[in-house]
Structures are given as C-alpha cells and as structure tokens.
> 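Please read through the structure below; I'll follow up with questions.
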Amino acid sequence: MNERMYELGAAPSAIRELFAYGLKRKAEIGAENVFDFSLGNPSVPAPDAVAQVMREALELPPMQLHSYSPAQGAPETRAAIADNLNRRFGTAYSPDDLYLTMGAAAALDACITALTNPGDEIIAVAPYFPEYRVWIENAGCTCVEVPARASDFQLDVPALQAAITPKTRAIIVNSPNNPVGTVYTRENLEELAAMLRAEEEKLGAPIYIISDEPYRELAYGDAQVSWVPSIYDDTLVCYSWSKSFSLPGERIGYVLVPPAAADARRVYLAVCGAGRVLGYVCAPTILQKAIAGCVDTPVNVEPYVRNRKLLTDMLDELGYEYIEPAGAFYLWMKALEPDAQAFSNKAREHELLIVASDSFGVGGWVRISYCVADSVITGSRDAFAALKADYE
Ligand code: PLP
C-alpha cells in the first residue's frame, strides 16, 4: 500500500481527534457539561428554501433526479451561479467558467492539481487550513509557509514576496479566514496584487491566487469581503455552500476560472482534467438542483453576530487576549503558555475543547469555533475562568 496514504488515514487531524474526544466525553458526563468549540460545523439551520427545492426535486422522474450530470456540472446550475455572481460583482462570467465540485475541498484540490507539476511550490499564509498542505504535497509540491503579519494577521506582502521563487505557481488566500477570523482589507489585497504582477513580470510566468472563500458571506460589522478577481486577474475562486447555507454534509461547491485569468481556457480544462484524475466529477445531482433553485437566498449571519459578541464580551471580562474576528466563525485566542497543545490539554481538564494552533502551522494560540448554540458560550464561562486561574 501507499505508506503516505496509510499515515494520513491512520492519524486523524488534531481537530477531528478533539471532536471525537468531545463526543465520547458528552456521552460520559452529559452534553451540557462539555463546551465543545472544536469544529467548524455551522450552527445556523440551512435556509428552508434548500429543503423546499430538494423536496420538489424528489418529485421528478427518477431518470432525471438520479442521473449523472456532465462532469463539470449541469449547465443550468452553472448558469444560475454565473448569474448570481454577475449580479453581485458586476462581472460577465459564463457557465463555462464554472466547474462544480463536492465542496470547497475538492475545488481546492482540483486547482492545486491543475496548476502544478511535481517540484513546484505553493504558498500558504500561516496559520492556515491544515488540508492545504495535504493537497499540495499529494501533488508532489512544496507547501511554503509564510506567516501572516504579526500585528493584525493581514497578509504580510513583503514576506510573501521574499518567498517567491521561479517554482511558485500560486498563493492560497483565505478571507474571511479560518482559523483567525480576519477579513483581508481591499488595500492589503491590492498591495498583494501589485507585488504579484511585478513578480509575474520578472518571472515571465503567471502566479495565481487561489482564493479559498467558503466563508465569503460571513462577515460582520464594517468588514467588507473584496471580490478578489476584481483586484487581481490571475485568480481562481474556490467556493462552497458548506458554511454560507450550512450544508457541509451535502458537499457542493465550485471552481471559477475567470476568463481574464492567464491561460484561462487551458487552466479551466486542466481543472476538468484534475477533476477527472481525482474522481471529482459530476457533483451530486440533487444538490446541483437545490443550488440552481436557491442560489439567491440571503445568508443568515445574525446568530454568528450574537455569538461573536457573547464570546468577546466574556473573554474581555476574563482578560483573555485575542484577535477581534471580522468574519467566518472562529476566534483566535492567545494561549496562556507558549505550548498551545499543553494549553489546549489544560482546557480539556475543564471540559473546554479548543484547538491548539499547532494544527494550523503556528504555535502559541488556540482556535475557538463559535458556531455553537449560545448556551455553549454562556455555559463555558466558569471553565474559561478556571482555565485562566490555572495560570495566575
Ligand atoms: N477551506 C477552508 C478555509 C475551510 O475552513 C474549509 C472547511 O472547513 C474548507 C476549505 C473545505 O470546505 P468544504 O467543507 O466545502 O469542503
């Protein structure tokens, strides 16, 4: 067998491991006594419109409901998505710029596979979603980690520039960000775009942004999520409805290859080829129908806005240090000792499940997923207080 695959399968991620521990612990001492902030499983119910469209789809003749779609997805679904994007971002995308996938994970993996050859490099901004490294390395490439700016976790453009080599094919940008909850400002992205254009010119080859945006609609307060292809032409967009419509188990998303991107047609066909190689063809038909029917449904962020306030008020009161989250549903909190894993283990002693930052490529922090029932946040106050007291 392939040893690397064995290792990946045998060693669950620290996040999954903590989540599994939480399930076990809840069975032992009661769910209300465990404060599980481990996973990014949306806590807002999916819009009614999704179930409604799926119910209607169930009435279709079986040959329509259960058949294969074209490998890149049904034309009418891709058309509905292109129309939605064009209305919102003033663009002119066509269905042929879209490749439907099983979630953002498959979209990212397909883009990475499509853009690279073994030996190439892809830059990830640390802290980052851990699966980036898995996909990059599976493509035979090197995952080059560049820390985000220490002061505010925006992109550190000079550091990114210093990491570019002739082997750099792409940089993955994730805003709103998992795990920090930052939203990159337009100025920050413009600075990145100007730097990349200059580097492309020097190298005589495109450097793509892979814009990983499953949290696109989840932004709070004044935060504005920029449409990255409007800032930098050579951008591929990876999206899913896992977070915005709370459909993570349904596995539906897409790759967008905007026509203005360098070699757009060839890149799109390479994405189709990568989808073929990886087996990511023909996203689930009923989900394609659901998305075609309700792609314009507004996203409900109110519960996350409330949770964010509950959590930040509590942490302020207890005197924890954290990065104010502007989007997604994660809060990035400073660990009270340099070893984040030891701090997460200590939290576990108080039935508090928070993920050590080591999983995301940096030390010294923890991620708190606040996509939970508000009672989990209010109920966790004593546990957070006791954890703080352990270090005083
Ligand atoms: N990218 C980021 C930053 C994520 O947080 C996730 C899921 O948590 C994904 C990609 C994968 O999303 P999906 O569940 O749609 O495959």
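Please read these numbers as outputs of a predicted model, since none were measured by experiment. Whatever order the structure lists ligands and atoms in, that order sets their numbers, starting from 1.
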> When the ring centroid of Y280 is compared with that of Y99, is the distance short of 6.0 Å?
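No, too far apart.
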> Can you find a pair of side-chain heavy atoms, one from N188 and one from V157, that are under 4.5 Å apart?
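A side-chain contact under 4.5 Å exists here.
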> Among L39, T101, I172, D212, which one has a heavy atom closest to atom 3 (C) of ligand 1?
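Heavy atom nearest to atom 3 (C) of ligand 1 belongs to D212.
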> Please work out which of M102, R251, E131, K243 has its closest non-hydrogen atom nearest to atom 8 (O) of ligand 1.
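Minimum heavy-atom distance to atom 8 (O) of ligand 1 goes to K243.
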> Decide if the gap between the ring center of F35 and the ring center of F384 is smaller than 6.0 angstrom.
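That pair fails the under 6.0 Å test.
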> Indicate the ring-plane relationship of Y132 and F129, choosing parallel, tilted or perpendicular according to the 30° and 60° boundaries.
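If you compare the ring of Y132 with that of F129, the planes turn out perpendicular.
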> Go through ligand 1 atom by atom and flag the ones less than 4.0 Å from a non-hydrogen atom of S240.
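Counting atoms of ligand 1 from 1, those under 4.0 Å from S240 are 15 (O).
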> Within a distance under 4.0 Å of any heavy atom of N174, pick out the atoms of ligand 1 and give their elements.
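Ligand 1 atoms under the 4.0 Å threshold to N174: 3 (C).
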> Could you tell me, atom by atom, which parts of ligand 1 come under 4.0 Å of a heavy atom of Y215?
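What qualifies from ligand 1 is 3 (C), 4 (C), 5 (O), 8 (O).
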> Any ion pair linking K346 and E337 (charged N to carboxylate O, less than 4.0 Å)?
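Judged by the 4.0 Å cut-off on N to carboxylate O distance, E337 and K346 do not form a salt bridge.
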> Measuring from non-hydrogen atoms of Y128 to any atom of ligand 1, is the shortest distance under 4.0 Å?
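So Y128 does not count as touching ligand 1.
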> Among all protein heavy atoms in this structure, tell me which lies nearest to atom 11 (C) of ligand 1, with the distance rounded to 0.1 Å.
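Minimum-distance protein heavy atom for atom 11 (C) of ligand 1 reads A105 N, 3.8 Å.
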> Please confirm whether R265 makes a cation-pi placement over Y268, using NZ or CZ under 6.0 Å from the six-membered ring centre and within 45° of the ring normal.
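Flagged: R265 positioned over aromatic ring of Y268.
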> Report the nearest protein non-hydrogen atom to atom 6 (C) of ligand 1: residue, atom name, distance rounded to 0.1 Å.
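Here the nearest protein heavy atom works out to F129 CZ, 3.4 Å.
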> Could you list which atoms of ligand 1 come closer than 4.0 Å to a heavy atom of N178?
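Listed by number with element: 3 (C), 4 (C), 5 (O).
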> Give me the nearest non-hydrogen protein atom to atom 12 (O) of ligand 1 as residue plus atom name, then the distance to 0.1 Å.
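Its nearest protein heavy-atom neighbour is A104 CB, 3.6 Å.
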> Which atoms of ligand 1 have any heavy atom of G103 under 4.0 Å away?
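Once the distances to G103 are compared, the set is 15 (O), 16 (O).
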> Are a donor atom and an acceptor atom from the side chains of Y128 and N177 found within less than 3.5 Å of each other?
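Side chains of Y128 and N177: no pair found under 3.5 Å.
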> Quick check on N177 - does any of its heavy atoms sit under 4.0 Å from an atom of ligand 1?
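N177 does not count as a contact of ligand 1 under the 4.0 Å cut-off.
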> Measuring from atom 15 (O) of ligand 1, which candidate in S242, S369, A106 has the nearest non-hydrogen atom?
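It is S242 whose heavy atom sits nearest to atom 15 (O) of ligand 1.
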> Using the ring centroid of each side chain, check whether Y370 and F329 are separated by less than 6.0 Å.
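Ring-ring flag for Y370/F329: false, centres at least 6.0 Å apart.
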> Distance under 6.0 Å and angle within 45° of the ring axis: does R348 meet both against Y21?
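Satisfied, under 6.0 Å and within 45°.
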